[in-house]
J.: 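I have a structure I would like to understand better, so I am pasting it below and will then ask my questions one at a time.
We name chains A, B, ... by the order of the sequence lines, and we start the count at 1 in each one.
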2 protein chains.
Amino acid sequence: MTTDPPAPPAPPGTPAPPGTSAPAPAPAPSPDAPSQSSAPGALNLALLRDRNDAAVLRAVRAAGDGTSRVELAVRTGLTAQAISKITARLLADGLLTEAGRSHVAGRSGKPRTLLRLVPDARSALGAEIGRRELHLLRTDLTGAVVVRARTPIDPDGEPGPILDRLAAMVRELTADTGGGRVLGLGLACPGPLDTRDGILHQVTGMPRWHGLHLREAVQDRTGLPVLVEKNTTAGVLSRPGPDHRAFVYLGDGVGAGLVLGGRVQRGARTNAGEFGHQCLDPDGPPCACGARGCLEALCLAALRTGRTDRAAAALALGVANLVRLLDVEEVVLGGATLLGDPEPYEAAIRTALAARLPDPHWQHVTLTRATALAVPQGAAALALSRLFG
Amino acid sequence: MTTDPPAPPAPPGTPAPPGTSAPAPAPAPSPDAPSQSSAPGALNLALLRDRNDAAVLRAVRAAGDGTSRVELAVRTGLTAQAISKITARLLADGLLTEAGRSHVAGRSGKPRTLLRLVPDARSALGAEIGRRELHLLRTDLTGAVVVRARTPIDPDGEPGPILDRLAAMVRELTADTGGGRVLGLGLACPGPLDTRDGILHQVTGMPRWHGLHLREAVQDRTGLPVLVEKNTTAGVLSRPGPDHRAFVYLGDGVGAGLVLGGRVQRGARTNAGEFGHQCLDPDGPPCACGARGCLEALCLAALRTGRTDRAAAALALGVANLVRLLDVEEVVLGGATLLGDPEPYEAAIRTALAARLPDPHWQHVTLTRATALAVPQGAAALALSRLFG
DNA sequence: CCGGTTAGTCCACACTGTTGTTTAACTTGG
DNA sequence: CCAAGTTAAACAACAGTGTGGACTAACCGG
């Protein structure tokens, strides 16, 4: 765990979240903690403002290409006046621009002024740390990938040199961000980990990374706010979607990321999403986790013998179980193995859903494919969520 | 669907939620809708105040018997001054009282003034509508049951007369609520339903209730704010618990209610919790839902042949799957069948969790039994959540 | 050109939580 | 017993939130 040159010694103008006006009020004890860790819902005026700013930004993003203030007022439930103040703030911060007016033929009155996100106003970094390679990318405010870079990883090696390389790549990728401030760096990792403190637990297949204080290590090397997340959870955040959705991953293992009620679900011990270890057959083959008949064990065993159909059937059953239990409206499929040959999986899942949902029409589930970049993009989205909430 | 005498023609002084001072600002379109239905997180000042009031009330409730203002300030993250103002409001509303001072030996300074909930300040009604009987109860502010009543139900009968009886029971049970205002009536029902509009879908085993506008019907008959909820979801709310917990139900069927991240999860179409229809054996016995090998089918088949052990094993496997997928910290067991003979189920679940969680120590799961009243109590808790958020 | 209509802003305001100061109610030490 | 020290809670002045009403801007239709 070499600690290396601390890179940019202080965060070069990054830490201020949405509002930029106040000099440095920050009553928070730790400089990067999210204001109040375990506050049970009590809100401050500053937090209120940030929340409403975020709500407006989200509404603008959701609208795609241009919304008016009136529409924002309707969508958010705030007054026109409140929207006026909030958008003024966001315009001053450079996050929004006015982009023409919306002339609707045969409609009297002053036309609405369109507002848009300024993609280059901020940027975010996201990385996927895998057992084979490290993938880093930078996105703009809309989440679109701007540049990316990759480097191989030796899973048995020490993390230190790799993190040094990561820091170097970060410097490269952020060198040319005009005035666009970098919001932070999201790191998506396999295996169980502690999201809150950014500490890895037993990362399967990467023995030297066991127990690593990843957040601290990368924060020291880059000077950026760092967020550590499980890869599947990052996957589900790769793009905005419905309030109830799941990202299902089939690669080296099987896992899922969950958004329920519009919120990422990490579970009590940040260990939710162990979708691959649901038991589908108490007498099935043994799994690496110690149990028997896990979905993951069934899938991997089938794949080893080339029986994609069986792997797909097992996965499909798991997805149907998940959909029935959680009533999600979208399932996003990802992971190298699955994306390498998606059709059989999609077909099997469609069949299973049709067979196992009592009313497939009413409970329609959208099935989509993630891109290969979903995980690092989701990691970047994590950094963007400082603005979008 | 007889419409009957509309009972107390207007809500007799009930509608104002926490704050009572303002005459009647209510900018909400519909009188009982929760201010703004689908507002994506935007808050106005009135909502901010209600939220903070609720946060303080929750903190007082969580503290059990008496907290001080300083402690509330710490817990909520608000300033002492803010707490002072908020508690003053709640004291004026009669929700809190000052109950002595906390003399701690060997501690200098002014002793803290203890604050407590006033149990009788408000009350809430909760009902469980089952296939065999209707169970109604009234709780105080703390959720403790004050009075209850029951009446048999003919599952094949018309709902109208039963709802009339319900309204009569409501009048009885609320006749002697001193000044304690009734916050509302929660109705827990089986089967798929639409929580938002309070409309039942196809309630299994109660054909005449199919498509009933239950909320409206009961609201008209009682004049109270009515909330309709699925029985399992009500069950999980029967008492405060950890932020990630599940209520698992084995009665006429098998189901679950979920609280994840401190929020009830109903799913995209308020159909989450179909825990009983996870497939544990693709070649298993056919289930009433049309699929094969559902947990519920396995359990019920085993129970029909008196094999409690097999039913317990199936349920335990499902619970283990649920815990791994969602990383809950508490599982509450309920339902008449299970509570009639809980030991084998508990033992099987403990065994399954020990076998299937990679680190049972770190991921410890508390297993508790619900009371027989959990469902109607949870329904009442739903009405209490107007105050507690 | 002018009235009608809609969008957005300016201003005064009510209310939120915050900061700084004062009062209340104890314990401690002489 | 009394003064000093300490902690709890309230009081007063304040910054900042969203709100309501009046006002201006920018279009349409005649």
J.: Between A:Ser108 and A:Leu45, just flag the one whose closest nucleotide in DNA chain C comes earlier from the 5' side.
T.: A:Ser108
J.: Which listed nucleotide (C:dC11, D:dA26, D:dA10) is nearest to the side chain of A:Gln81?
T.: C:dC11
J.: Expressed as a whole number of angstroms, how long is the span from A:Leu47:CG to D:dA15:P?
T.: 20 Å
J.: State which residue, out of A:Thr67, A:Leu90, A:Ile86, fulfils the side chain to side chain contact (heavy atoms under 4.5 Å, CB included) condition with A:Leu96.
T.: A:Leu90
J.: Could you state the CZ-C1' distance from B:Arg51 to D:dG18, rounded to the nearest angstrom?
T.: 16 Å
J.: May I ask you to say what B:Ile83 touches in the nucleic acid, namely base, sugar-phosphate or nothing, with a heavy-atom cut-off under 4.0 Å?
T.: nothing
J.: Can you check the B:Glu98 CD to D:dA10 C1' distance for me, whole Å?
T.: 12 Å
J.: Would you confirm whether A:Asn52, through its side chain, and B:Leu43, through its main-chain N or O, come within 3.5 Å as a donor-acceptor pair?
T.: yes
J.: Starting the side chain at C-beta, find the nucleotide from C:dT16, D:dA8, C:dT18 nearest to B:Arg89.
T.: C:dT16
J.: Give a yes/no on whether any side-chain N or O of A:Asn44 is located under 4.0 angstrom from OP1 or OP2 of C:dT18.
T.: yes
J.: Nearest whole angstrom, please: distance from the C1' of C:dG17 to the CZ of A:Arg49.
T.: 13 Å
J.: Spell out, as yes or no, whether a donor-acceptor pair under 3.5 Å connects the side chain of A:Thr76 to the backbone of A:Leu72.
T.: yes
J.: Looking at the side chain of B:Pro111, which of C:dT18, C:dC26, D:dG20 is the nearest nucleotide?
T.: C:dC26
J.: Starting at the 5' end of DNA chain D, which residue's closest nucleotide do you reach first, A:Arg101 or A:Leu48?
T.: A:Leu48
J.: Do B:Glu98 and B:Arg116 pass the salt bridge (charged side-chain N to carboxylate O under 4.0 Å, His left out) test, and can you show the C-alpha distance, the side-chain angles, and the key distance before you say yes or no?
T.: CA-CA 6 Å; B:Glu98 301 197 336; B:Arg116 278 188 206 165; over 6 Å; no
J.: Could you tell me whether the side chain of A:Arg75 and the main chain of A:Ala59 form a donor-acceptor pair under 3.5 Å?
T.: no
J.: Heavy atoms from C-beta onward define the side chain here; which of C:dG17, D:dA25, D:dG18 lies closest to that of A:Lys110?
T.: D:dA25
J.: Would you say B:Arg69 reaches D:dA10's phosphate, i.e. side-chain N/O to OP1/OP2 under 4.0 Å?
T.: yes
J.: Mind calculating the distance between NZ (A:Lys85) and C1' (C:dA12) to the nearest angstrom?
T.: 11 Å
J.: Starting from P on D:dA8, measure out to CG on B:Leu115 and report it in whole angstrom.
T.: 13 Å
J.: Considering heavy-atom distances to DNA chain C, does A:Thr113 or B:Asn52 have its closest nucleotide positioned more toward the 5' end?
T.: A:Thr113
J.: Heavy atoms from C-beta onward define the side chain here; which of C:dT16, C:dA7, C:dG20 lies closest to that of A:Arg112?
T.: C:dA7
J.: In terms of side-chain heavy atoms of B:Ala82, which of C:dT16, C:dA7, C:dT18 is nearest?
T.: C:dT18
